[in-house]
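Note that the numbering runs from 1 along the sequence shown for the chain.
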Amino acid sequence: MDKPFKSIDEQIAILESRGLECDNDTRLVLEREGYYPVVNGYKDLFLGQWEDSGQEVFVKGTKFSDIYRLFEFDRTLRLLMFEYFNKAEAVLKTVCSYRFAMAHKDNPEAYLDRDSYRADAGYRKKIDTLIGDFEKVLCRSKKWNSDYKRDYIRHYENNHDNTPVWILMNYLMLGQAFKFYEFQPESMRNSIAKSFSDLYSETHEVDKRISPRRLRLAYDHIKDFRNICAHDERLFCARVSPSRDVNLVGVLSDLELVLTEDDYKKLRRNILLDALKLSDELSNDASAKVLFAMGVNDLPSVFPKEILGL
């Protein structure tokens, strides 16, 4: 059955009929943010038992401001995580560019050569597609309008004989950079993973071996969570991976491998502060559900309060 248009007054009336306490700010929120993103996106944690009529109702005492508070928390969380996902993206591009360029000193555009990638038959079409994406960026084919060529690529081509991988990498999306790593031969993936192990040791002052497989899994999760942030989807309760078993706390473990120790601690500190503030403003039951959805079974164990002293 189609959903008929409802005015703001009708939307508020529906919410109140379901037991939600609205206030003077409810109208403004619905006008500026919309019913679907706020209510439909964040109501689940506040719903009680359904009525015999099949109508969903809210837990007694639930306020519209509670739902909107969770909406704002998730928005803040997305903005925070997005900043550190970008840092994770930058280091992947930098390390991949450096190691690849070092291995192909005699061919600055080796990234356009099929032989520069892994030979597994199952990857051939994927690699060809990725190389096609690179050719599109460079506008090397007549079917691509050179008017869309990035200025920095045009500048480099006008002043040099080729476009090295670190110039190309600046344009790529995280998903493409991830594929570039995944499609490398084993020796290159080992070299890149070794660089991440070295970087970890430099900033954490403890040795950790990061295997190529572990690095691939980490960035597979990071790119999926970054896409969630980029598209303004719900983050606090998100699950990724084929089995949908990696939550927010899980991707924090991935970020810990690729961020500096200071950045990782700052990220955890800010999440903890926001989570504590939210817990103070929501009921114990609602805040517990939020933390559980994030993957936090015990707040002090996941976010020890000593990190507040940073």
Side-chain angles (χ1 to χ4, degrees), residues 15 18-21 29 33-50 56-85 88 217-218 220-257 259 264-305 307-308:
L15 293 174
R18 296 174 182 173
L20 188 66
E21 298 180 17
V29 170
E33 305 284 6
Y35 185 101
Y36 183 82
V38 177
V39 179
N40 286 40
Y42 296 89
K43 66 183 178 182
D44 292 352
L45 271 61
F46 304 95
L47 292 176
Q49 296 295 324
W50 284 47
E56 62 182 17
V57 295
F58 291 92
V59 173
K60 186 176 181 180
T62 302
K63 303 175 182 178
F64 179 85
S65 59
D66 295 332
I67 298 176
Y68 187 55
R69 181 65 187 87
L70 178 56
F71 171 88
E72 288 185 309
F73 168 78
D74 204 36
R75 170 180 282 168
T76 299
L77 188 62
R78 283 195 300 271
L79 292 173
L80 173 63
M81 295 296 294
F82 195 77
E83 174 185 352
Y84 290 91
F85 288 146
L217 289 174
D220 195 15
H221 304 153
I222 288 169
K223 71 174 176 59
D224 288 346
F225 272 98
R226 185 187 182 280
N227 287 339
I228 289 171
C229 294
H231 293 96
D232 276 342
E233 298 175 8
R234 288 185 302 181
L235 177 62
F236 81 97
C237 59
R239 297 287 189 278
V240 303
S241 85
S243 55
R244 313 293 293 176
D245 61 346
V246 179
N247 51 33
L248 186 70
V249 168
V251 80
L252 284 178
S253 297
D254 296 320
L255 285 170
E256 194 264 342
L257 297 177
L259 296 177
Y264 179 64
K265 286 183 176 179
K266 287 176 184 176
L267 173 60
R268 289 208 310 168
R269 176 179 181 272
N270 287 329
I271 293 175
L272 173 59
L273 288 172
D274 289 339
L276 290 174
K277 188 182 300 182
L278 181 72
S279 296
D280 288 340
E281 297 175 4
L282 296 182
S283 68
N284 291 337
D285 181 61
S287 61
K289 289 179 179 178
V290 172
L291 294 175
F292 182 78
M294 293 169 62
V296 181
N297 295 323
D298 179 43
L299 191 61
S301 66
V302 177
F303 300 104
K305 290 191 176 182
I307 70 175
L308 290 175

Show the nearest heavy-atom pair for residues N247 and G295, with the distance to one decimal. ND2-CA, 3.3 Å

Pair N40, Y35: side-chain N/O donor-acceptor within cut-off below 3.5 Å: no

Heavy-atom nearest pair, L255 first then A88, reads CD2-CB, 3.9 Å

Looking at every non-hydrogen atom in both residues, tell me the closest pair between V290 and L45 and how far apart they are. CG2-CD2, 3.3 Å

Which heavy atom in A286 sits nearest to a heavy atom in F46, and how many Å separate them? CB-CE2, 3.8 Å

From CA spacing to verdict: side-chain contact (heavy atoms from CB on, under 4.5 Å), L70, R234: CA-CA 10 Å; L70 178 56; R234 288 185 302 181; over 6 Å; no

Side chain to side chain contact (heavy atoms under 4.5 Å, CB included) involving E281 - partner list, sequence neighbours excluded: R69, K277

With sequence neighbours left out, what residues match D274 under salt bridge (Lys or Arg N to Asp or Glu O under 4.0 Å)? none

Find out whether F236 and L291 are in side-chain contact, i.e. whether some heavy atom of one side chain is under 4.5 Å from a heavy atom of the other. no

Across all chains, not counting sequence neighbours, the side chain to side chain contact (heavy atoms under 4.5 Å, CB included) partners of D285 are S283, K289

When you compare the side chain of L235 with that of L248, does any pair of heavy atoms fall below 4.5 Å? yes

By salt bridge (Lys or Arg N to Asp or Glu O under 4.0 Å), R75 pairs with (sequence neighbours left out) E33

Considering only NZ, NE, NH1 and NH2 on the basic side and carboxylate oxygens on the acidic side, decide whether R268 and E256 come within less than 4.0 Å. no

Please determine whether salt bridge (charged side-chain N to carboxylate O under 4.0 Å, His left out) holds for the pair D245 and R239, giving the CA-CA distance in whole Å, both sets of side-chain angles, and the decisive distance to 0.1 Å. CA-CA 6 Å; D245 61 346; R239 297 287 189 278; over 6 Å; no

Verdict with reasoning, M81 to L252, per side-chain contact (heavy atoms from CB on, under 4.5 Å): CA-CA 9 Å; M81 295 296 294; L252 284 178; 4.1 Å; yes

To the nearest 0.5 Å, atom CG of D66 lies from atom CD of E21 at 8.5 Å

Measure from the side-chain N and O atoms of N270 to the backbone N and O of K266, and report whether any donor-acceptor pair falls under 3.5 Å. yes

Looking only at heavy atoms, the pair that brings L20 and K63 closest together is CD1-C, 3.5 Å

Taking atom CZ of F73 and atom OG of S287, what is their separation to the nearest 0.5 Å? 10.5 Å

For M294 against I271, the heavy-atom pair lying closest together: CE-CG2, 4.1 Å

Under a 4.5 Å cut-off applied to non-hydrogen side-chain atoms, are K43 and T62 in contact? no

Identify, with sequence neighbours excluded, every residue that meets ring-ring contact (aromatic ring centres under 6.0 Å, His included) alongside Y68. F71

Looking at R78 and D232, does any basic side-chain N land under 4.0 Å from a carboxylate oxygen? yes

Please tabulate, for the side chains in residues 221-231, all donor-acceptor contacts under 3.5 angstrom to protein atoms that are two or more places apart in sequence or on a different chain.
{"residue": "H221", "atom": "ND1", "partner": "L217", "partner atom": "O", "Å": "3.2"}
{"residue": "H221", "atom": "ND1", "partner": "D254", "partner atom": "OD2", "Å": "2.8"}
{"residue": "K223", "atom": "NZ", "partner": "D220", "partner atom": "OD1", "Å": "3.0"}
{"residue": "R226", "atom": "NE", "partner": "N86", "partner atom": "OD1", "Å": "3.2"}
{"residue": "R226", "atom": "NE", "partner": "E89", "partner atom": "OE1", "Å": "3.2"}
{"residue": "R226", "atom": "NH2", "partner": "N86", "partner atom": "OD1", "Å": "3.3"}
{"residue": "N227", "atom": "ND2", "partner": "K223", "partner atom": "O", "Å": "3.3"}
{"residue": "H231", "atom": "ND1", "partner": "N227", "partner atom": "O", "Å": "2.8"}

